[in-house]
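Here is the structure we will look at.
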Amino acid sequence: MNKFLYVTDQNEHTDHSFIGPLFQKYLNKHFDINTIFFSKSKTVIEKKDNGTIIVPENLSINLLDELAINGINISEYSFVVVRNNINLLKEVLKRKDKYNYKVGFRLSFPKRIAKLQTDEANNKKTLFDIISNKIQTYTEINLINECDIFLPTSFQMKNDYFKDVKTRTFVIPSAIDPDNLHENIQHEKDEKRFFYAGTLDKLREFETVLKAFSNIKSTNYKLMISTKDPEYLETILDDFPKLKDNIEVYDAKTRQELLNLIAISDIGLAVLPNIALFNSSTPMKVLDYYSSAVPCIMSDNENNSSIFEDNISAWFCDFNENSIKEKLEYIINLSKDEVAQVGINGQKRLLAVRNYERIAADLAHQLNIL
């Protein structure tokens, strides 16, 4: 079985719902896989029985040399794939001929571009930032074109940000694990429970969603929010005092805590502004919702409509106060069984088209024909 090295950009303690099922579970059926995570606290490289390799952050500069020093034979790997980190990709490409492996680059999310757009939303973007981004993008494209395969989250992401990449491309979207579905716990109360999980900032304009909630006629709902940005949330909630009795704020510190909250909700919120950054892929939280058969309200864009069907497996709306308000009122007037059925339909759809086991098999095929 060919050996495969996946170099992540993640901390060793990250509870990652993508890397685990795709690379460490299903792709492991096709390759002998080692996955590298990084540590802020460890001082020596640690190899685990499950194929995970923990590398101290300060050793990442000369990663391949450090691995070799610790008895890891790089020449045994047929494939080395780097996730998001261009500096690590540069080093891996330099050693490609020496070790005779194929190189892949995984782009999960354009983080630098996201930061640039967030700075713009906060009026912090400078001319230097714009020029620097263009230079870095040019460098990244040239490096990706030296790879054997490019693995973005969607073709739209590639076309929006890396259209000049000529390397063979295989899309790896976020998906659900068919072996790890979660029970949807139906609460006994009559209210509809809406749930939002994730980042809150000016770029996401969550105030628009709150405005929609503040103008619906019914009060028979709860808006559950779990975020790592509680200070920002507190600031914007000050402008919506009439929502106080309908909002519950949580701070899920682990993935399991988050899944437990999702399981007792009825509807997930995944409505985002109509910009390329958000339209180019399916947010991970959507997959988390549907893993528990919790249906979502989501943005009406090409990516979402290619997977889901409005009022059948999800609910679509435009990102404006009135469109969101109308969809919220429509859902609140549905029976609990009607809401639950949309979640079941959506989960079945994802199992058919966004399934990590199938994606792993397709990726293995692509790698083996390189």
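The model shown is predicted, which means the values in this text are computed figures rather than measured ones. In what follows, residues are counted from 1 in the order of the sequence shown. Scope of the values below: all heavy atoms of this structure, side chains included, with no hydrogens, waters or symmetry mates.
A donor-acceptor pair under 3.5 Å is absent between the side-chain atoms of Ser60 and the main chain of Pro56, judged by distance alone. Looking only at distances, no side-chain donor or acceptor of Asp318 sits under 3.5 Å from a matching main-chain atom of Asn320. Put simply, the side chain of Lys47 never gets that close to the backbone of Ile54: no donor and acceptor are under 3.5 Å apart. Asn246 contributes a side-chain N or O that, together with a main-chain N or O of Thr219, makes up a donor-acceptor pair within less than 3.5 Å. A distance-only check finds a donor-acceptor pair linking the side chain of Asp266 to the backbone of Arg193 [under 3.5 Å]. Between the side chain of Asp288 and the backbone N or O of Ser291, no donor-acceptor pair lies under 3.5 Å. Judged by distance alone, the side chain of Ser39 and the main-chain N or O of Ser41 form a donor-acceptor pair under 3.5 Å. Looking only at distances, a side-chain donor or acceptor of Arg358 sits under 3.5 Å from a matching main-chain atom of Ala352. Using a distance-only test at 3.5 Å, with no hydrogens or angles considered, no donor-acceptor pair links the side chain of Arg354 to the main chain of Thr282. Side-chain atoms of Asn2 do not come within 3.5 Å of backbone N or O of Phe31 as any donor-acceptor pair.
Between Phe213 and Phe240, the distance from one ring center to the other does not fall under 6.0 angstrom. Two rings, from Phe37 and Tyr6, have their centers 6.0 Å or more apart.
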Q: Check the pair Asn34, Tyr77 against side-chain hydrogen bond (donor to acceptor under 3.5 Å, both in side chains), reporting the backbone distance first and the verdict last.
A: CA-CA 9 Å; Asn34 288 120; Tyr77 291 102; 2.6 Å; yes
Q: Using the ring pair (Phe, Tyr, Trp, His ring centres under 6.0 Å) rule, take Phe308 and Tyr290 through it: C-alpha gap first, then chi angles, then the decisive distance, then the call.
A: CA-CA 11 Å; Phe308 300 100; Tyr290 279 99; 5.0 Å; yes
**Q.** Stepwise side-chain contact (heavy atoms from CB on, under 4.5 Å) check, Ile332 with Glu191
**A.** CA-CA 8 Å; Ile332 288 172; Glu191 67 192 14; over 6 Å; no
Q: For Gln366 and Asp362, run side-chain hydrogen bond (donor to acceptor under 3.5 Å, both in side chains): C-alpha distance rounded to whole Å, both residues' side-chain angles, the deciding distance at 0.1 Å, then the answer.
A: CA-CA 6 Å; Gln366 290 294 320; Asp362 290 342; over 6 Å; no
**Q.** Worked verdict on Arg95 versus Asp65 for salt bridge (charged side-chain N to carboxylate O under 4.0 Å, His left out)
**A.** CA-CA 10 Å; Arg95 312 298 179 87; Asp65 289 340; 2.8 Å; yes
Q: Could you walk me through whether Tyr196 and Phe206 pass ring pair (Phe, Tyr, Trp, His ring centres under 6.0 Å), step by step?
A: CA-CA 10 Å; Tyr196 178 89; Phe206 193 64; 4.7 Å; yes
Q | Pair Asn279-Gln156, side-chain hydrogen bond (donor to acceptor under 3.5 Å, both in side chains): steps then yes or no | A | CA-CA 8 Å; Asn279 290 340; Gln156 189 172 342; over 6 Å; no
Q: Report the C-alpha distance between Asn301 and Asn274 in whole Å, list the side-chain angles of each, state the deciding distance to 0.1 Å, and finish with yes or no for side-chain hydrogen bond (donor to acceptor under 3.5 Å, both in side chains).
A: CA-CA 8 Å; Asn301 59 42; Asn274 183 23; over 6 Å; no
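For Asn100, the CG atom sits in a loose shell: 12 or fewer heavy atoms of surrounding residues, nucleotides or ligands are nearer than 6.0 Å. The neighbour count for Lys96 NZ, taken as heavy atoms of other residues, nucleotides or ligands under 6.0 Å away, is above 12. Within a 6.0 Å sphere centred on CG of Asp190, heavy atoms belonging to other residues, nucleotides or ligands number 12 at most. Taking a 6.0 Å sphere around NZ of Lys90, one finds it holds 12 or fewer heavy atoms contributed by other residues, nucleotides or ligands. By the neighbour-count criterion of 12 heavy atoms within 6.0 Å, atom NZ of Lys211 is sparsely surrounded, having that number or fewer from other residues, nucleotides or ligands.
One distance of note links CG of Leu181 with CD of Gln347; it measures 4.5 Å at 0.5 Å rounding. Rounded to the nearest 0.5 angstrom, Leu5 CG and Ile53 CD1 are separated by 6.0 Å. From Leu22, atom CG reaches atom CD1 of Ile172 across 5.5 Å, with rounding to the nearest 0.5 Å. Separation of atoms CD (Glu57) and CG (Leu59) is listed at 10.5 Å; rounding is to 0.5 Å. Note that CG of Asn58 is 11.0 Å distant from NZ of Lys40, once rounded to the nearest 0.5 Å. Taken from CD1 in Ile19 to CD in Gln24, the straight-line distance is 7.0 Å, to the nearest 0.5 Å.
For the pair Lys327 and Tyr330, the cation-pi test (distance below 6.0 Å, angle within 45°) is passed.
Looking at heavy atoms from C-beta onward, Ile307 lies in side-chain contact with Leu350 at the 4.5 angstrom threshold. The shortest distance between side-chain heavy atoms of Leu223 and Leu269 falls below 4.5 Å. The shortest distance between side-chain heavy atoms of Ile359 and Pro173 falls below 4.5 Å. In this structure, the side chains of Ile135 and Thr137 stay at 4.5 Å or more apart for every pair of heavy atoms. Looking at heavy atoms from C-beta onward, Ile331 lies in side-chain contact with Ile297 at the 4.5 angstrom threshold. Trp315 has its side chain within reach of Val342: a pair of non-hydrogen atoms, C-beta onward, lies under 4.5 Å apart. Contact check for Val80 versus Lys102: no side-chain heavy atoms found under the 4.5 Å cut-off. Residues Phe150 and Leu107 are in side-chain contact: their nearest non-hydrogen atoms beyond the backbone lie under 4.5 Å apart.
If you check the side chains of Thr199 and Lys228, you find no donor sitting under 3.5 Å from an acceptor.
Each of Glu329, Lys325, Glu321 was evaluated against Asn215; a single residue qualifies, Glu321, per the side chain to side chain donor-acceptor pair (under 3.5 Å) test. Test Leu93, Ile86, Leu88 against Phe105 for side-chain contact (heavy atoms from CB on, under 4.5 Å) and you get one pass: Ile86. Just one residue in the list Ile264, Ile262, Asn260 forms a side-chain contact (heavy atoms from CB on, under 4.5 Å) with Ile185, and that residue is Ile264.
When the side-chain hydrogen bond (donor to acceptor under 3.5 Å, both in side chains) test is applied to Asn142, no partner is found at least two apart in sequence or on another chain. Applying the salt bridge (Lys or Arg N to Asp or Glu O under 4.0 Å) rule to Lys166 yields no partners; only residues at least two apart in sequence or on another chain are considered.
For residues 1-12, the salt bridge (charged side-chain N to carboxylate O under 4.0 Å, His left out) pairs, not counting sequence neighbours, are Lys3-Glu76, Asp9-Arg83, Asp9-Lys111, Glu12-Lys42.
Here the closest heavy-atom approach between residue Leu210 and residue Leu243 is recorded as O-CD1, 3.6 Å.
Ring pair Tyr99/Tyr101 is parallel by interplanar angle, where below 30° counts as parallel and above 60° as perpendicular. In this pair, Phe194 and Tyr221 present their aromatic rings perpendicular. The plane angle is above 60°, beyond the 30 to 60° band. Taking the six-membered ring where tryptophan is involved, the planes of Tyr289 and Phe195 are perpendicular, since the angle between them exceeds 60° and thus also 30°.
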